[in-house]
A.B. asks: 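Have a look at this one before I ask anything.
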Amino acid sequence: MTPPVAARAAQSAASSLQSRLKDPSLLRDRCYIDGAWVGTPEFAVNNPANGTELIRIPQLGADDATSAVEAAQRAFPAWAKLTAKQRSNILRKWFDLIIANREDLALILTSEQGKPLAEALGEVDIGAAYVEFFAEEARRVYGETIPTQRPDARLLAIRQPIGVCGAITPWNFPNSMITRKVSPALAAGCTVVLKPANETPLSALALAVLAEKAGVPKGVLNIVTGDAPPIGKVLCEHPAVRFVGFTGSTNVGKILYRQASVGVKKLGLELGGNAPFVVFDDADIDAAVEGAIVSKYRNMGQTCVCANRLYAQDKIYDQFVEKLSKKVAEMKIGDGTEAGVTQGPLINMKAIEKVERHIADAVKGGAKVVTGGKRSALGRSFFEPTVLSDVRPDALVAQEETFGPLAPVIRFKDEADVIAMCNASPFGLASYFYSRDIGRVWRVAEALESGMVGVNSGLITTEVAPFGGVKESGLGREGSRHGMDEYVEIKYVMMAGV
Ligand SMILES: NC(=O)c1ccc[n+]([C@@H]2O[C@H](COP(=O)([O-])OP(=O)(O)OC[C@H]3O[C@@H](n4cnc5c(N)ncnc54)[C@H](O)[C@@H]3O)[C@@H](O)[C@H]2O)c1
Ligand SMILES: O=C[C@H](O)CS(=O)(=O)O
């Protein structure tokens, strides 16, 4: 039983956030199943910047997930039967409502996740861009006729919605990771049961409010918050679910992969990364520093495509480290809602401890802390953005995804040396390198084992390009026209007797 004082404090935190919203109805403390707002608020959602409890949400489980799947199953035939244009128009309306409410959505996002408001606005905008893009793609789910090998027969390949889809999303991008799954699913004619991360469910619930307003019928989109493993098991094993889209850690992705094999379900896995960021001696060093800053410190380093290990060629090593560290030292740490703050809190203390483990291991191996290196004087889960020099290539920070504001800079000799180090990882989500030599650009882009490569850019994410990884970074692609493939099945039809 929540002590009265804590309950009152929680109530005041929720009402204070609500009072700052233009549309207070976007802040929800219930789940959304079959068009109804259900469940009993019991699980606290906290603001990582100050630890205050924002609101409580339901802690649902397997039975509720099953009810949500059954609601999605009931809603599927009618939703799939709408014309592509009708679904497109509803998605377009959802896009318009997201943009109209972008400030509120960004404030909710920063309050539950911690990123600076400017970044939250950017995330809401790209989240909306996925909805806009797939509102257009809804009308381009083309099939094909195939030159026949029998004079009396005609061959077709048609693309049909796969059916009920499960979606499980992470806390680091609580808005765009949801629309990157839900919008292509709805565009294709599928229905969805979504389980957002318990740390950041409010963005998902706010998106559901707007989807409802846009005319998404009941049962088409369902949101279940609560105990992840049992809910995930239902989504992976329920016979009505035909696809599961997951974004999160590779370890959890492997659990879902095993569970989905029971019913031979199609899976989309967007998993962990360990992106190399390489600066060759022919690079524009200032551009490389700018690219490293955005790639490494976006969302305080809590981004799957963050530069996780930086490599600088011998000749420009010292210059790159000096310029990078100078910029990093100027970053402003604080509550994401404060003007000018570029580094908010990490999601929790566990994240801080991982950063500290990686720093300690690197320093033990001879690395030097050039800037940062310790918890911020602000306390809680604020950490000083950090640059390490003279890091060993086999340091823990180069082997594991740090998911924090830590840039280890490793020295390298030549192309062969650095490509070998880049590819010596079980992960292959994103890679980045800076060079102005056209031959080197082609050679290195083709040699890197990752699903995405940024050349002379540290920010590559866009709704029009295929996002995804190779090796243990995942299966499938999200965004771009390829993002529809997850949600459709190809059916071959032979029409004989012609
Ligand atoms: N490839 C991408 O596009 C991408 C994008 C964002 C984050 N990520 C990765 O996600 C990780 C960080 O996010 P995270 O900490 O939320 O990941 P996580 O795997 O711990 O959690 C992701 C989601 O899975 C749920 N979950 C946890 N255990 C589960 C289980 N046994 N069954 C079903 N669901 C379960 C969580 O509640 C959450 O909703 C990092 O590794 C990051 O690289 C990848
Ligand atoms: O964490 C990884 C997400 O995919 C973030 S983004 O798509 O690069 O913005």
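Positions are given from 1, in the same order as the sequence printed here.
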A.B. asks: Answer with yes or no whether the side chains of T169 and K181 bring together a donor and an acceptor at under 3.5 Å.
C.D. replies: no

A.B. asks: Whether the side chain of S381 engages the backbone of L346 through a donor-acceptor N/O pair (distance < 3.5 Å, no angle test) should be reported.
C.D. replies: yes

A.B. asks: On the 0 to 90° scale, with breaks at 30° and 60°, tag the W171-F403 ring pair as parallel, tilted or perpendicular.
C.D. replies: perpendicular

A.B. asks: Are K213 and D23 packed together at the side-chain level, in the sense that at least one heavy-atom pair is separated by less than 4.5 angstrom?
C.D. replies: yes

A.B. asks: Provide the closest heavy-atom pair for G334 versus F382 in the form atom of the first, atom of the second, distance.
C.D. replies: O-CE2, 3.3 Å

A.B. asks: Has the side chain of S473 got a donor or acceptor atom that lies under 3.5 Å from a matching backbone atom of L429?
C.D. replies: yes

A.B. asks: Please check this pair: side chain of T83 against backbone of Q86, looking for a donor-acceptor N/O pair closer than 3.5 Å.
C.D. replies: yes

A.B. asks: Give the C-alpha distance, both sets of side-chain angles, the deciding distance and a yes or no for side chain to side chain donor-acceptor pair (under 3.5 Å) between T52 and N50.
C.D. replies: CA-CA 6 Å; T52 56; N50 53 31; 2.6 Å; yes

A.B. asks: Determine the minimum heavy-atom distance between G340 and K332, stating which atoms define it.
C.D. replies: O-CB, 3.6 Å

A.B. asks: Under a 3.5 Å distance rule, please check whether N299 uses its side chain to pair with a backbone N or O of Q302 as donor and acceptor.
C.D. replies: yes

A.B. asks: Taking P24's backbone N and O only, do any of them form a donor-acceptor pair with Q18's side chain (distance below 3.5 Å, no angle check)?
C.D. replies: yes

A.B. asks: Hey, does E401 have a side-chain heavy atom less than 4.5 Å from the side chain of F427?
C.D. replies: no

A.B. asks: With a 4.5 Å cut-off on side-chain heavy atoms, are D96 and R92 touching?
C.D. replies: yes

A.B. asks: Are any side-chain N or O atoms of E119 and backbone N or O atoms of R298, one a donor and one an acceptor, separated by less than 3.5 Å?
C.D. replies: no

A.B. asks: So does K327 have more than 12 non-hydrogen atoms from other groups sitting under 6.0 Å from NZ?
C.D. replies: no

A.B. asks: Can you find a pair of side-chain heavy atoms, one from V38 and one from R30, that are under 4.5 Å apart?
C.D. replies: no

A.B. asks: Any non-hydrogen side-chain atom of T337 less than 4.5 Å from a side-chain atom of R20?
C.D. replies: yes

A.B. asks: Tell me whether the count of non-hydrogen atoms from other residues, nucleotides or ligands lying under 6.0 Å of CZ in R380 goes above 12.
C.D. replies: yes

A.B. asks: Nearest heavy-atom pair of F383 and I333: which atoms, and what distance?
C.D. replies: O-CD1, 4.0 Å

A.B. asks: Among side-chain atoms of R309 and N274, is any donor-acceptor pair under 3.5 angstrom?
C.D. replies: yes

A.B. asks: A quick test of your reading: do over 12 heavy atoms of other residues, nucleotides or ligands sit less than 6.0 Å from CG of L459?
C.D. replies: yes

A.B. asks: With no hydrogens and no angle check, is any side-chain donor or acceptor of R87 less than 3.5 Å from a backbone partner on W79?
C.D. replies: yes

A.B. asks: Looking only at heavy atoms, which two atoms of N198 and G226 are closest? And how far apart?
C.D. replies: ND2-O, 3.0 Å

A.B. asks: What closest approach, in Å, do V124 and A106 show between heavy atoms, and which atom pair accounts for it?
C.D. replies: CG2-N, 3.9 Å

A.B. asks: Is K296 close to N308 at the side-chain level, that is, under 4.5 Å between some pair of heavy atoms?
C.D. replies: yes

A.B. asks: If only atom types and distance count, is the side chain of E486 paired as donor or acceptor with the main-chain N or O of G268 below 3.5 Å?
C.D. replies: no

A.B. asks: Are I347 and N172 packed together at the side-chain level, in the sense that at least one heavy-atom pair is separated by less than 4.5 angstrom?
C.D. replies: no

A.B. asks: Scan R477, K266, R159 and name whichever one has a salt bridge (Lys or Arg N to Asp or Glu O under 4.0 Å) with D485.
C.D. replies: R159

A.B. asks: Evaluate the side-chain proximity of W37 to E212: yes if any heavy-atom separation is below 4.5 Å, no if none is.
C.D. replies: yes

